[in-house]
**Student:** 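Below you will find the structure I want to go over with you.
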There are 2 protein chains.
Amino acid sequence: MQLRRADVLRGARDLLDADGLDGLTMRKLGAALNVQAGGLYWHFPSKQALLEAVADDLLAGVAETPPAGPWDQRLLTLAHRLRQALLSVRDGARLVAETFVTEPNTSMAGRTGMRILMDAGLPAEQAAWTMFAVGHYVLGHTIEEQSTGADREAKLAAQAEADADLRELAAAIGADPGRRFEFGLALMIDGIRVRVSGRTPADS
Amino acid sequence: MQLRRADVLRGARDLLDADGLDGLTMRKLGAALNVQAGGLYWHFPSKQALLEAVADDLLAGVAETPPAGPWDQRLLTLAHRLRQALLSVRDGARLVAETFVTEPNTSMAGRTGMRILMDAGLPAEQAAWTMFAVGHYVLGHTIEEQSTGADREAKLAAQAEADADLRELAAAIGADPGRRFEFGLALMIDGIRVRVSGRTPADS
DNA sequence: ACCTGAACACCGTTCAAGT
DNA sequence: ACCTGAACACCGTTCAAGT
């Protein structure tokens with residue numbers, strides 16, 4: 001009947017899915033686990049520490065080395081896994097955004113990506129910077145993807161009146177987020193390819 | 001002596017700079033403006049609405065059409081402006097992250113970028129998706145850039161023991177954030193260039 | 001029109017005391 | 001070792017009433 005650290009983590013995830021990041025309070029979490037709010041402080045020193053643990057938990061497995069293959073394919077695998085992990089719980093991206101790189105699993109994912117790029121021929125520093133760029137893109141994309149924003153599309157549609165470009169923007173937001181994600185990712189991978197093959201497109 | 005909407009916005013920005021997003025409360029803002037907390041609700045319907053107004057305020061001017069020139073130069077200008085706007089106040093990126101695209105100034109910046117890319121020859125849909133990708137990168141980057149994370153570098157350094165790759169990652173985080181930003185941005189621009197010139201690097 | 005005063009229903013965190 | 005009970009110092013928001 002006693003609470004273990006893992007139980008608290010699972011309870012926090014469930015509550016996150018149910019009530020979102022703003023609705024996740026120590027009191028509600030306590031109630032869900034049949035414990036007083038204060039009791040949770042025996043397991044975690046603060047709410048912040050608990051949230052960081054949940055964030056790190058979310059990213060477990062992301063850093064695993066992808067199967068052998070072309071570097072771009074392996075990098076795609078890594079980016080897809082990261083997105084899926086962030087999407088696996090409500091407000092997951094916002095949650096992770098506040099602990100980026102700090103948590104072990106995030107930096108391990110960066111490490112894995114670095115290895116892939118260095119194997120492809122990129123120097124270590126470029127490999128590290130590239131992984132930051134990819135990580136920031138994935139994070140930014142999923143934050144927006146998960147933002148409910150009440151009446152997001154309605155607001156944009158209202159602005160879009162009589163402006164063809166804004167109508168295109170609104171349509172792009174309504175489009176399948178998976179395809180949008182893929183497009184931006186392909187963009188970055190093409191940019192990386194230029195560096196891996198050691199020339200800029202302007203050269204040709 | 002009476003409070004105008006603009007005074008509340010400026011007060012909120014100042015308090016943001018002083019105490020950060022988590023320290024910005026209606027009660028403290030009221031105190032700073034010599035008003036009861038409840039009085040603020042005459043000017044804004046909710047704290048959320050006030051924060052959205054501050055976010056939109058932050059991005060004023062970003063959407064202005066950059067001077068004529070090559071498309072990549074103009075896109076760089078836009079991205080730099082966006083980053084600077086987000087960095088202009090403490091926790092600016094986190095603040096904007098929660099209202100992305102929704103606010104008029106954000107979508108206007110997207111519109112400006114679309115025009116630049118369409119002038120360069122990209123079809124409207126690709127132009128829109130590209131601007132989303134660039135926007136997400138800038139947002140993700142600046143969020144991380146602004147995250148204090150207490151002892152970020154110390155934590156990473158602790159993990160980095162006995163792992164050469166992690167040491168490179170830690171060094172990359174310690175590096176000049178402006179240069180890191182530039183690197184990732186150049187990456188994306190090269191990826192866009194491939195689409196503007198109408199071929200993939202693999203073709204050659 | 002613009003704000004006060006006071007209340008309502010919450011928060012995170014601490015800590016003696018219980019078991 | 002693990003949790004309760006109760007308190008402390010806060011929150012956002014509402015709303016009658018004042019000016």
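Every chain is numbered from 1, with letters handed out A, B, ... down the list of sequences.
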**Student:** Quick one: stems for DNA chain D, with Watson-Crick or G-U pairs under 3.5 Å, at least three in a row?
**Tutor:**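 For DNA chain D the paired stretches long enough to count as stems (3 pairs minimum) are C:4-8 with D:12-16, C:12-16 with D:4-8.
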
**Student:** Tell me whether Q146(B) contacts the main-chain N or O of V89(B) through its side chain, where contact means a donor paired with an acceptor under 3.5 Å.
**Tutor:**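 Present.
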
**Student:** Using 30° and 60° as the class limits, which term best fits the ring planes of Y137(A) and H136(B): parallel, tilted or perpendicular?
**Tutor:**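 Tilted, since the angle between the ring planes falls between 30° and 60°.
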
**Student:** Return the set of residues passing side-chain contact (heavy atoms from CB on, under 4.5 Å) with H80(A) (not counting sequence neighbours), or none when no residue passes.
**Tutor:**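 With neighbours one apart ignored, the set is L76(A), F181(A), E182(A), L185(A).
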
**Student:** Quick one: side-chain hydrogen bond (donor to acceptor under 3.5 Å, both in side chains) partners of E125(B), sequence neighbours excluded?
**Tutor:**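 Listed in chain order: nothing, the list is empty.
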
**Student:** Donor-acceptor pairs under 3.5 angstrom involving side-chain atoms of residues 62-74 of chain A: please list them, not counting sequence neighbours.
**Tutor:**
unit_1 : atom_1 : unit_2  : atom_2 : d
D72(A) : OD2    : R193(A) : NH1    : 3.2
R74(A) : NE     : P67(A)  : O      : 3.2
R74(A) : NH2    : P66(A)  : O      : 2.9

**Student:** Would you find a donor on one side and an acceptor on the other, under 3.5 Å apart, between the side chain of T106(B) and the backbone of T102(B)?
**Tutor:**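 Checked: no pair found.
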
**Student:** Output a table of donor-acceptor pairs, distance under 3.5 Å, between side-chain atoms of residues 9-23 of chain B and any protein atom two or more places apart or on a different chain; print 'none' if there are none.
**Tutor:**
unit_1 : atom_1 : unit_2 : atom_2 : d
D17(B) : OD1    : R90(B) : N      : 3.0
D19(B) : OD2    : K28(B) : NZ     : 2.9
D22(B) : OD1    : R94(B) : NH2    : 3.0

**Student:** Would you tabulate the pairs of protein nitrogen or oxygen atoms and nucleotide nitrogen or oxygen atoms of nucleotides 12-19 of chain D closer than 3.5 angstrom?
**Tutor:**
unit_1  : atom_1 : unit_2 : atom_2 : d
dG12(D) : OP1    : M26(B) : N      : 3.3
dG12(D) : OP1    : K47(B) : NZ     : 2.9
dG12(D) : OP2    : M26(B) : N      : 3.0
dG12(D) : N7     : R27(B) : NH1    : 2.4
dG12(D) : O6     : R27(B) : NH1    : 3.1
dT13(D) : OP2    : Y41(B) : OH     : 2.4
dT13(D) : OP2    : K47(B) : N      : 2.8
dT13(D) : O5'    : Y41(B) : OH     : 3.2

**Student:** Once you round it to whole Å, what is the distance between P of dC10(D) and CG of D19(B)?
**Tutor:**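 These atoms are roughly 13 Å apart.
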
**Student:** Is any side-chain N or O of Q36(A) closer than 4.0 Å to OP1 or OP2 of dC3(D)?
**Tutor:**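 Answer is no, no contact under 4.0 Å.
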
**Student:** Whole-Å distance between dC11(C) P and L29(A) CG?
**Tutor:**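 In whole Å, dC11(C) P and L29(A) CG are 12 Å from each other.
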
**Student:** To the nearest angstrom, how far is W42(A) atom CH2 from dC2(D) atom C1'?
**Tutor:**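 So the CH2-C1' distance, W42(A) to dC2(D), works out to 6 Å.
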
**Student:** Can you check whether D57(A)'s main-chain N or O pairs, donor with acceptor, with E103(A)'s side chain at less than 3.5 Å?
**Tutor:**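 Looks like no, no N/O pair under 3.5 Å.
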
**Student:** Nearest whole Å is fine: how far is dC11(C) P from L40(A) CG?
**Tutor:**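 It works out to 13 Å between those atoms.
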
**Student:** Ignoring backbone atoms, establish whether H43(B) has a side-chain N or O less than 4.0 Å from OP1 or OP2 of dC3(C).
**Tutor:**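 Yes, within the criterion.
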
